[in-house]
S.K.: 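Have a look at this one before I ask anything.
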Amino acid sequence: MARFDHEAAERRWQKAWDDAESFRANDSSAKPKAYVLEMFPYPSGRVHIGHVRNYTMGDVLARMRRAQGFEVLHPMGWDSFGMPAENAAMERGIHPGGWTRANIATMRAQLKRLGFALDWSRELSTCEPDYYGQEQALFLDLLAAGLVYRKESAVNWDPVDMTVLANEQVIDGRGWRSGALVERRKLSQWFLRITDFAEDLLAGLGTLNAWPDKVRLMQENWIGKSQGLQFTFQLDGTVPQGAAGHFDVFTTRPDTLFGASFAAIAADHPLAQALAANNPVLAAFVEECRAGGTSAADIETQDKKGFDTGLSVIHPLDQTVRLPVFIANFVLMDYGTGAIFGCPGHDQRDLDFARKYQLPVTRVVAPAGEENAAIQDEAYVGPGLLCHSAWLDGMTVDAGKAAVIGRAEADGWGKGVTQFRLRDWGVSRQRYWGTPIPVIHCNDCGALPVPRASLPIMLPEDVTFDVPGNPLDRHPTWKHVDCPSCGKPARRETDTLDTFVNSSWYFIRFASAPGDRPFDPVVAAQWLPVGQYIGGVEHAILHLLYARFWTRALQHIGMLDVAEPFAGLFTQGMVTQRTAFKRNKKTNNIVWVATNNVSSNNAGWSVESDTKRRVSLGRVEKMSKSKKNVIDPDDMLGRYGADALRWFMLSDSPPERDLAWSEAGIDGAARFIQRVWRLAETEAGGPADSQPDSDDKALRLLHRIIAAVTSDIDRLQFNKAVARLYELVSALERAPAGAGRRAGVIGLVQMVAPMAPHLAEEAWATLGQPGMVCDATWPLADPALLIEDTVTIAIQVNGKLKDSMEAAKGMDKSAIEAMALGRDKVVRALAAQPIRKIIVVPDRLVNLVV
RNA sequence: GCGGACGUGGCGAAACCGGUAGCCGCAGCGGACUUAAAAUCCGCUUUCCAUUGGAAGUGCGGGUUCGAGUCCCGCCGUCCGCACCA
């Protein structure tokens, strides 16, 4: 009996699928359509084991849907613009395009070796003009519809390299290359009006039943709808030069207004700017607030710092009260109005600030009887009644909110508003390797859209990365154009689009990709929304929210009649691997050792395989090049074959959880492949056509497993489907030869086919079945074969298991009770105590309470 | 700092609606086949006490219930996201 030869089978069947165009999606098919999509990869170099896991999951679903009679769209492409290509260009002096396209070629070959059922005819790459040119057209459509605008916004600025940095390039507040302290700097940038859709995006979450609850919750919190009061503080006394005499604040807690002890504004607030102009000390403080990165984590973990401006504002509910105005580093210009009132008693951040600057702390909300309990180290944010609040005393928090909003509106100093945490989407990037923003700046006519006829605006190829800054900006000719309106010399926009724009509509282009338009709305709508979208949970907010927005924006301007792009979403876990390290003898610094160069010696110690020197084992973490714990799929493909690798990716760990790579695990997968193959070979010469008896054990088990596996794959619980298939294999290995076993093996091969397709095709042919298994109809479980006539009933005494018994299914309560009371073990456990209560759950258990 | 999740044997895990905790795999132990090895097959494998059998057990501490891995409250730990990484 020959072992399964994975190399020969992979070659044979990959060619057979290609020749038959088995996985090409037909737009005009009459079958029901199923769109299965995995998040397309960034072509970073080589296929990562995490990609293999992601695409294997999608492939199993796509193949099963096809077998179930759907017309399946399962495409692949490349999210090929982005910063790593520019980094590679700077480090190695090569062109980002050359680097990217070489990576794509490598990775395409790797994916093909894995035997995915992909429609390669629809492959796209976002860095090619046929894609980004159409994206520019969409940008112009959104611009024309008023969904795009320009405003000033902060970026991370490296003062030594003279360049804008991404958040990930800021490490502990310093530029990653130069090590210089990063500053926040303002630039004029393009924004998309995602906030116009805040309410729709929030409401739409309610329709996404096939999304994980946690992702919906994360998006809900991200959008951050809150109701509150926006009101105006009037400055008391002389108004500083160049400033208004008042400023607006937003609060979600207008009920606590009597507890206010200060007001605070952002360092970038116009009032702060005006004051800084004439006050060098304050100007220095404002400058200090600008140091450090722009990310939320950077800003909010800074020490709370304030600067007393010496100004004060009049309390709107009590004209006799004055509140000092501070400039504070934790107040953000981007959220609300860039100014707050501080109520230390009921907001922890305000309390910390008040303690630091010795400001009064007043309790204005209290549970009954605690009105005079002083606030200590913790702000009180619980429920209660208002106190120390004049005419609000005794009201609930909610009633107080409504009362203050009512008074503000009646008196004209404020109004109730709905506020969103969501900010407009800044899409300008000061980088080369991205979609050029199709706009021309003219000194006389302003910022104008590029004429449609001149699309695509191509990226120039002749650029260098030997000097810092954006190569588009310093290119000798590229940016110089004539104004499309007045004809005078003008300049192109040299910023490119955020790569999240590229990934906000690629799934539409997969469904329909005409040469002269971004997509055909009728063809695209046939496939959309994507039935099942699969990718990493790290995309739970940004990518998924931007794609939802983009789709709604297209719907809003009448280009596509689809509201939500992804009907079903699944977020998969990472593939992790143990790390290993040794220490540098002089510095004691950690030196990572490649995991694939670590083995155990005779004494059971971990050593470097080549030098035999001892190493320490680190923790199991996400694979990364820097920690040298990356497993290359190509090695595994060569040693174990595509099917074993795919099988291991689906085994053991639930797909939403992290999967720890292990050599032993893939060994087990490879053994399973051989076991299935041996079963197929034992049936190779079997009868072509024979009917098993309906009470055949193998047949009954097969149908139970068909039902379980089908529903497991439906719910993407591949680890459970795998466990059931192991069970079937073990049973079939022991089953007597005959029609039942043969039927079992045929069914097994069909169910294994989505997971280990090469093995399944080879086995299918060996079994003498017609055609290819990828074209065979998915097996259906016969309900008549699933019915069992006996059940096992558990017997508990006081909720503790004492015995169990076999009984006919559907036996009535009193019969079960009588049967249970007659059992030896039960009699012993009861020890003649009187029974107070008996609970019987039919077909399940009896609980005797004494 | 804010937001989200997760925690069950030596390990990855399973457990429908609150109803017999640990399916399946890995590792381990014992055995068969073999001159030997590989491959394969059979058995055992939560912990503790024990002779039949019994007790404990799902991160920790409480609670609800006839009954809690599952529901509620409070801790502890780990991981993920935070708007210019993709």
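Per chain, numbering begins at 1; letters A, B, ... match sequence-line order. Since this is a predicted model, take the numbers as computed values, not measurements.
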S.K.: Output the single nucleotide from A15(B), U40(B), G7(B) whose closest atom is nearest the side chain of Arg657(A).
M.R.: G7(B)
S.K.: Can you figure out which of G25(B), G19(B), A13(B) approaches the side chain of Leu845(A) most closely?
M.R.: G19(B)
S.K.: According to a 3.5 Å limit on both distances, what stems of 3 or more consecutive Watson-Crick or G-U pairs are formed with RNA chain B?
M.R.: B:1-7 with B:76-82, B:10-12 with B:24-26, B:28-32 with B:40-44, B:46-49 with B:53-56, B:59-63 with B:71-75
S.K.: Listed by chain and number, what are the side-chain contact (heavy atoms from CB on, under 4.5 Å) partners of Asp803(A), not counting sequence neighbours?
M.R.: Ile795(A), Arg823(A), Lys825(A), Val826(A)
S.K.: Show me the donor-acceptor pairs within less than 3.5 Å that the side chains of residues 83-90 of chain A make with the rest of the protein, sequence neighbours left out.
M.R.:
| from | atom 1 | to | atom 2 | distance (Å) |
| --- | --- | --- | --- | --- |
| Glu86(A) | OE2 | Tyr432(A) | N | 2.9 |
| Glu86(A) | OE2 | Trp433(A) | N | 2.6 |

S.K.: So if I take every side-chain heavy atom of Glu727(A) and compare against G7(B), C23(B), U40(B), which nucleotide ends up nearest?
M.R.: C23(B)
S.K.: What one-letter contact string describes nucleotides 81-86 of chain B from 5' to 3', where B marks a base within less than 4.0 Å of any protein heavy atom, S marks contact via sugar-phosphate atoms alone, and - marks no contact?
M.R.: SBBBSB
S.K.: Write down the protein N/O and nucleotide N/O pairs, taken from nucleotides 65-72 of chain B, whose separation is under 3.5 Å; answer none if there are no such pairs.
M.R.:
| from | atom 1 | to | atom 2 | distance (Å) |
| --- | --- | --- | --- | --- |
| C66(B) | O2' | Asn847(A) | ND2 | 3.3 |
| C66(B) | O2 | Asn847(A) | ND2 | 2.6 |

S.K.: With sequence neighbours left out, what residues match Asp213(A) under side chain to side chain donor-acceptor pair (under 3.5 Å)?
M.R.: Arg216(A)
S.K.: Tell me which donor-acceptor pairs under 3.5 Å the side chains of residues 667-674 of chain A have, and how far apart each pair is, sequence neighbours excluded?
M.R.:
| from | atom 1 | to | atom 2 | distance (Å) |
| --- | --- | --- | --- | --- |
| Asp667(A) | OD1 | Tyr640(A) | OH | 2.9 |
| Gln674(A) | OE1 | Phe4(A) | N | 2.9 |
| Gln674(A) | NE2 | Phe4(A) | O | 3.4 |

S.K.: If only side-chain N and O atoms count, and only distance matters, is there a donor-acceptor pair under 3.5 Å linking Arg429(A) with Thr499(A)?
M.R.: no
S.K.: Taking OH from Tyr726(A) and P from A14(B), how many angstroms apart are they, rounded to a whole number?
M.R.: 15 Å
S.K.: Looking just at side-chain N and O atoms, do Thr435(A) and Asn502(A) make a donor-acceptor pair shorter than 3.5 Å?
M.R.: yes
S.K.: Considering only G25(B), A56(B), C41(B), which nucleotide approaches the side chain of Lys800(A) most closely?
M.R.: A56(B)
S.K.: Among residues at least two apart in sequence or on other chains, which ones pass salt bridge (charged side-chain N to carboxylate O under 4.0 Å, His left out) with Arg639(A)?
M.R.: Glu663(A)
S.K.: OP1, OP2 of A14(B) versus side-chain N and O of Asn719(A): anything below 4.0 Å?
M.R.: yes
S.K.: Can you sort out the partners of Thr252(A) under side chain to side chain donor-acceptor pair (under 3.5 Å), two or more places apart, ordered by chain and number?
M.R.: none
S.K.: Polar pairs (N or O, both sides) under 3.5 Å between protein and nucleotides 46-55 of chain B?
M.R.:
| from | atom 1 | to | atom 2 | distance (Å) |
| --- | --- | --- | --- | --- |
| A55(B) | OP1 | Lys802(A) | NZ | 3.2 |

S.K.: Give one of base, sugar-phosphate or nothing for Asp667(A), where a contact means two heavy atoms less than 4.0 Å apart.
M.R.: nothing
S.K.: Look at the side-chain N and O atoms of Arg349(A) and state whether any lies under 4.0 Å from the OP1 or OP2 oxygen of G1(B).
M.R.: no
S.K.: The criterion is side chain to side chain donor-acceptor pair (under 3.5 Å); which residues satisfy it with Trp157(A), sequence neighbours excluded?
M.R.: none
S.K.: Sequence neighbours left out, what passes side chain to side chain donor-acceptor pair (under 3.5 Å) with Arg150(A)? Give chain and number order.
M.R.: Ser188(A), Glu493(A)
